[in-house]
Each structure stands twice: as structure tokens, then as C-alpha cells.
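What follows is a single structure, written as C-alpha cells, with notes after it.
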There are 2 protein chains.
Amino acid sequence: MKAVKFQNQKVIMVDAPMPDISEHEALIKILMAGICATDVELYKGYQDFQGIPGHEFVGIVEKAPQAPEIVGKRVVVDINIGCGQCLRCRNGDARHCPLRRVVGIRGQDGGFAEYCAVPVDNLRVLPEGLETIDAVFAEPLAAALEIAQQVHIRNDTKLAVMGDGKMGLLCAFALNHYSTRVTIIGRHAEKLELAAAQGISTCNTSDMPPEMLEQRLKGAFDVVVEASGNPDAINQAVKLTAPEGTIVVKTTSHQPSKINLAELVVNELTILGSRCGDIGFAVKCLGNRWVHVASLVDSVYSFADFPKAFEHAMAPGSKKILLAFE
Amino acid sequence: MKAVKFQNQKVIMVDAPMPDISEHEALIKILMAGICATDVELYKGYQDFQGIPGHEFVGIVEKAPQAPEIVGKRVVVDINIGCGQCLRCRNGDARHCPLRRVVGIRGQDGGFAEYCAVPVDNLRVLPEGLETIDAVFAEPLAAALEIAQQVHIRNDTKLAVMGDGKMGLLCAFALNHYSTRVTIIGRHAEKLELAAAQGISTCNTSDMPPEMLEQRLKGAFDVVVEASGNPDAINQAVKLTAPEGTIVVKTTSHQPSKINLAELVVNELTILGSRCGDIGFAVKCLGNRWVHVASLVDSVYSFADFPKAFEHAMAPGSKKILLAFE
């Protein structure tokens with residue numbers, strides 16, 4: 001089968017063997033996949049991952065020895081595969097299993113290939129009315145929705161999202177389902193318009209010095225989501241957060257951030273790291289049209305054109321790049 | 001009256017006028033005061049405070065036009081004086097009032113003087129059985145107890161306190177009231193013994209390279225309190241905290257800390273700033289002998305010897321330095 005590998009900061013298409021499936025696994029034929037910022041990090045050498053990348057995808061079940069009833073169904077995949085033995089796994093949450101494999105990221109081949117093998121337990125069957133092109137957002141949407149699992153977002157919670165990139169917009173779209181007071185702060189008028197179209201307030205800082213933003217919106221938000229990708233933006237988030245408020249960090253920069261902890265202490269702020277979430281719940285939100293993601297699609301490439309698609313995904317300002325399989 | 005001022009990093013004793021009291025204030029004759037790390041920061045220029053410092057003290061009420069029933073009683077003082085008008089104040093919490101004055105720290109003279117004037121509402125009357133030398137710890141103890149108001153500490157919460165200085169020990173003593181699994185991590189055998197004497201586990205790192213501590217205790221704690229005063233210790237706290245755990249920051253260093261936020265995101269950790277707490281609750285804990293602070297006293301100086309006492313308080317390794325008034 002055709003598959004993608006990253007080698008020495010190059011994208012190559014390889015002929016890989018069809019995956020063997022063990023008794024508790026299913027063989028998935030990929031229908032559509034999305035390229036994520038984490039893929040760009042893997043390409044640059046993050047996690048030293050040698051397998052097939054791809055962790056946002058929709059497929060169709062071709063074989064599932066232990067679950068014949070799902071053969072032929074469209075599915076998405078919970079990417080965390082736990083050891084099954086540790087306390088975390090026994091409590092039903094493989095996301096923090098210390099021995100976990102992560103599909104397309106760590107120790108397990110992913111979906112930038114014609115086929116992929118994953119445990120049946122990690123599959124979530126899609127409802128019929130949900131389009132594949134929407135369902136491919138389930139994994140990143142789960143990460144955005146995770147914020148509301150960690151922090152109690154009320155309908156009147158004053159909430160800002162910093163950054164109008166793919167993750168920032170998705171966080172704003174997701175949290176707009178919880179609060180009527182969501183503001184997205186960014187520098188790109190055309191991106192901010194996508195949020196405005198969903199009734200989200202926008203703040204364009206492209207012509208605004210940082211001090212002006214901090215002065216205007218000092219302590220204005222109960223919750224600030226930092227999704228700008230800039231390791232220094234956390235300090236602006238600190239300024240915009242009300243005393244006893246919470247800053248949620250979605251950016252995974254590998255450069256350290258310089259933070260003045262004294263300000264954190266005086267205002268008793270919380271900084272909370274937030275990673276991936278429950279993909280089944282994301283499917284529910286998409287299936288019920290509670291969150292709308294269609295406007296985030298930039299371009300759809302054929303899988304054979306993966307190198308071109310990946311180049312597009314790395315270009316600044318691109319929205320979500322998708323891959324369609326035969 | 002005799003009072004202390006800090007001027008250009010010098011301690012001077014001045015003859016200050018007796019404080020005028022307004023209708024809603026009380027005149028307090030100081031009995032005993034404690035010197036705190038924040039006083040050392042003020043001395044170095046923090047907050048550019050020009051008034052009389054001193055925010056940990058016990059006094060006796062000499063005048064209180066609106067509350068004659070408390071004249072002659074021993075009291076401690078809630079140091080946050082709110083504007084009384086903002087939403088924070090109306091909710092009964094002046095600690096985060098944006099216009100607050102803070103006794104001995106910001107906009108209000110403190111207790112390094114023979115007398116002090118504070119609003120009657122900020123006084124907490126001491127129970128008869130509580131010794132003045134214990135009650136003088138009420139303000140810093142309230143700050144230590146604040147941790148358990150912000151984070152749910154259960155009896156089985158695995159909790160570490162980093163730092164065996166005054167604040168570290170006080171946090172360990174306070175949290176030992178909530179959890180049976182408190183460990184204090186420090187470098188001074190004689191300080192750690194004070195914790196061991198209260199049944200707290202100790203970890204002496206004076207001969208241990210940082211990597212060894214991180215390897216031994218990686219992810220071992222649900223809650224880690226950073227009270228070492230070292231702006232870089234936060235990164236060690238990150239290593240010692242279990243996934244989805246909480247780091248409470250008590251250190252107010254004015255140097256920025258370099259933090260790798262990616263680790264925070266992957267493990268979904270919380271960093272929580274923690275400042276002062278409810279002094280009335282601290283008095284209750286001291287009065288009921290739930291928390292024992294006597295072993296933290298280093299030396300008691302006469303107020304006339306304040307300069308000598310302050311020098312002692314600034315010496316590394318000193319425990320709590322107290323001042324006794326005539």
C-alpha cells in the first residue's frame with residue numbers, strides 16, 4: 001500500500017506492507033485525513049517518530065474479527081492506546097497512561113496511508129448524517145472541547161481565545177457552544193470573519209501595539225485560551241485574565257516561555273495545560289450540528305499529492321488541508 | 001511614637017505622629033510583630049512603599065468608636081482593605097479589589113510601630129487561650145491555608161512542599177492538617193527535622209543532584225507546592241507532579257521563570273498562584289491547636305532593636321524573627 005514517511009525533514013511516499021491485524025484490532029481503509037501542526041512538528045523531528053504519521057482521519061472498517069457488526073461502517077479513531085494494566089487505563093482514560101502509544105505520533109502507525117490497523121476499542125462509529133469532511137475534524141475538535149471538560153464554562157463566562165490559526169478558530173467555535181461571551185483575538189481579518197460569522201466577538205490586533213491591547217482588555221476575561229503558537233503570548237494572557245481566572249494553554253511550543261510568576265501569585269491565576277479530548281463527544285457535537293467546522297477547510301488534495309498538500313499545510317496562514325483517498 | 005521606615009535600602013527608626021483614626025477605624029497598640037520575606041522585598045524597593053511596614057502582628061484595641069465592645073481585646077488584622085464598592089468587595093472578598101490598600105504593604109501604615117490604625121471590619125479578636133507568640137503567625141498561616149481553599153486536598157492526596165524555609169515549613173504544617181501524605185523537600189537537616197517532628201515525611205536533597213530527585217520522584221505527587229523562593233524550581237515541580245496534577249506557586253520572585261509549556265500541555269498540569277488567605281480561619285486553626293507553629297520561632301527582639309532584628313531576618317537560614325513591644 002502507499003504510505004507517507006518523514007525522513008530527515010523530507011516527505012517521502014513509500015510502498016509499505018499492508019498492516020497485519022491482531023485479534024482485537026480492526027483494519028481501516030482510509031477515506032479522508034487532515035494535516036495538523038503536530039504533523040509539522042513530527043516532520044521537524046519531534047518524538048523522533050519513524051512510523052507512518054497521520055492522526056486525524058476517517059476510514060471504513062474492512063476487517064474486525066472481534067466486531068463483525070462494524071465492518072463497512074465509517075469510523076474515527078481515539079488515538080491514545082493505553083497499556084490496559086495501569087491505574088489510568090483501568091479508570092478508562094488511556095490519555096495519561098505512561099506507556100501509551102499514540103496513533104500516528106508515538107509507537108503506532110497512523111492514517112497517512114491507504115490502510116491502518118487500530119484496536120477495535122479505539123473506534124467510534126459515525127452517525128449516517130455526518131459528512132466525512134466534517135468528521136475528519138473530530139480529533140482536533142475533541143482537543144478544543146477538552147477545555148470545557150477541564151474548566152467549568154458557564155453561559156456568562158467571559159472567554160477569550162488568543163490566536164486565529166486553525167486551533168484558535170476551532171477552540172472559539174467549540175467554546176461558543178458553551179458561552180455567549182466568546183472573543184477571539186487575532187491578526188488576520190479573513191480568519192476573524194469566520195468567527196464573526198458564528199456570532200463570536202473579534203478583536204483584530206494587527207495594527208495595535210501589545211500595550212494597547214493589554215490596557216484596553218486588562219483583566220477583562222475569566223478564561224483566556226492561549227492558542228497562538230507563540231511561546232511569549234502567555235504573558236499577554238496573564239494580563240488579560242481577571243483575578244482568580246484561568247489561562248488554558250493549547251500551544252505546544254518546544255521553546256521555553258519566560259513567565260513572571262509573581263503576577264500569577266498576586267492575582268491567584270491558574271495556568272492549565274490542555275491536550276486531547278474525548279473523540280466520541282466530538283462526533284456527537286458534529287453529528288448534532290452543535291459545532292460547525294466546514295469554514296475551516298482550505299483545500300482538499302488527492303492522497304497521491306501528499307507532498308504538495310504538506311507544503312501547503314506548512315505555509316503561514318493556511319487553513320485546514322485535507323487529503324482524499326480513492 | 002516610634003516607627004520603622006525603609007529608605008534607600010536602609011532601616012531607620014523614626015518618631016512618627018500618633019495615627020488619627022476615622023470613625024470606622026480602631027487604634028491598635030502593637031504587642032508583637034513578625035518579619036516576613038515580603039518586608040525584605042519592600043526594603044529592596046518592591047511596591048515603592050513609603051509608609052510604615054509590618055503586616056504580621058498582634059495588638060490590643062485602645063480605641064474603637066464604632067465597636068466599644070472590643071476595646072481591650074487582643075486582635076490580628078486582615079491586611080486587605082477594599083474600596084467597599086466594587087463587585088469583589090460586595091462579594092465580601094477585598095483580597096482582589098483592584099483599588100485595595102494592604103496594611104504595611106500598599107497605601108496603609110503597618111505594625112512596625114507602637115500604634116497602628118485599621119478599619120474595625122478588618123480586626124479578628126483572639127480567643128483567650130491562644131498565646132500572642134502563636135497568634136502572630138496568623139497572617140502567614142492564612143496564606144499557607146489558602147492552598148486548601150483553592151485545591152481540594154483529601155486525606156490521601158500525595159502532596160509535596162518544595163523548600164524548607166519559613167513559608168515552606170508553614171505550608172507543610174498547614175497541609176498536614178488535611179492530608180496524611182505530605183512530604184517536604186529541602187536542603188537543611190535541622191529545618192526538615194521540625195517537619196519530621198510533626199509526622200511529615202522529609203526528603204533532603206543537599207547531597208542529591210537535581211536529576212536524581214526528578215528520577216526518583218517523577219510524577220509522584222498530586223499536588224506540589226513551590227515555596228523555595230527559587231524562580232527555576234517551578235520546572236522541577238513540573239517533573240514531580242502526576243498527570244492532571246496541580247503545582248501551587250507560593251514563591252513571589254521578581255525574576256521571570258523559564259517554563260516549558262509543552263510539558264504542561266502533554267500532562268495537562270495546572271499551575272496555580274496562591275497569595276493570602278482568611279486570617280479568621282487561621283486564628284481558628286491556631287486556637288484549636290490544629291496547626292502548631294511554635295517551632296518556627298528563631299528569636300524575639302525588643303522593638304527598639306529592630307535594625308538588628310531585621311539584619312537577622314535577612315540572614316540565610318534564619319527562621320521567624322519576632323519583635324516584642326513594651
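Numbered from 1 within each chain, the chains take letters A, B, ... in sequence-line order.
- Interface remark: B/Glu263 contributes no atoms to any contact with chain A (heavy atom separation under 4.5 Å).
- Considering only heavy atoms from C-beta on, B/Thr270 stays 4.5 Å or farther from A/Ile271 through its side chain.
- Heavy-atom distances place the backbone of A/Leu269, and not its side chain, under 4.5 Å from chain B.
- Options A/Val248, A/Thr246, A/Val249, A/Ile247 differ in how many heavy-atom pairs under 4.5 Å they form with chain B, and the most are formed by A/Val249.
- Counting non-hydrogen atoms of neighbouring residues, nucleotides and ligands closer than 6.0 angstrom, the CD atom of A/Gln215 reaches no more than 12 such neighbours.
- Shown here are the ring pair (Phe, Tyr, Trp, His ring centres under 6.0 Å) partners of A/Phe6, two or more places apart in sequence or in another chain: A/Tyr43, A/Phe310.
- For the atom pair B/Asn267 CG and A/Arg95 CZ, the distance stands at 11.0 Å (nearest 0.5 Å).
- Comment: B/Glu244 engages A/Arg88 in a salt bridge, judged by a side-chain N to carboxylate O separation of less than 4.0 angstrom.
- By number of non-hydrogen pairs under 4.5 angstrom with chain A, the leading residue of B/Asn260, B/Leu264, B/Val265, B/Asn235 is B/Val265.
- Only the side chain of B/Ile234 comes within contact range of chain A, with at least one heavy atom under 4.5 Å from a heavy atom of that chain.
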Show the numbers, then the answer: is there a side-chain contact (heavy atoms from CB on, under 4.5 Å) between A/Lys258 and B/Ser257?
CA-CA 5 Å; A/Lys258 270 192 182 179; B/Ser257 302; over 6 Å; no
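- For B/Glu226, no part lies near chain A; criterion is any non-hydrogen pair under 4.5 Å.
- The local environment of CD in B/Gln47 is crowded, with over 12 non-hydrogen atoms from other residues, nucleotides or ligands closer than 6.0 Å.
- Nearest heavy-atom pair across B/His96 and A/Val266 is CE1-O, 3.5 Å.
- The part of A/Glu146 that comes within reach of chain B is its side chain, from C-beta onward, which places non-hydrogen atoms under 4.5 angstrom from that chain.
- Side-chain atoms of B/Glu268 never come within 3.5 Å of backbone atoms of A/Gly273 as a donor-acceptor pair (strictly under, hydrogens ignored).
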Where do B/Leu261 and A/Ile259 land on the side-chain contact (heavy atoms from CB on, under 4.5 Å) test, with the steps shown first?
CA-CA 10 Å; B/Leu261 292 176; A/Ile259 304 178; 4.2 Å; yes
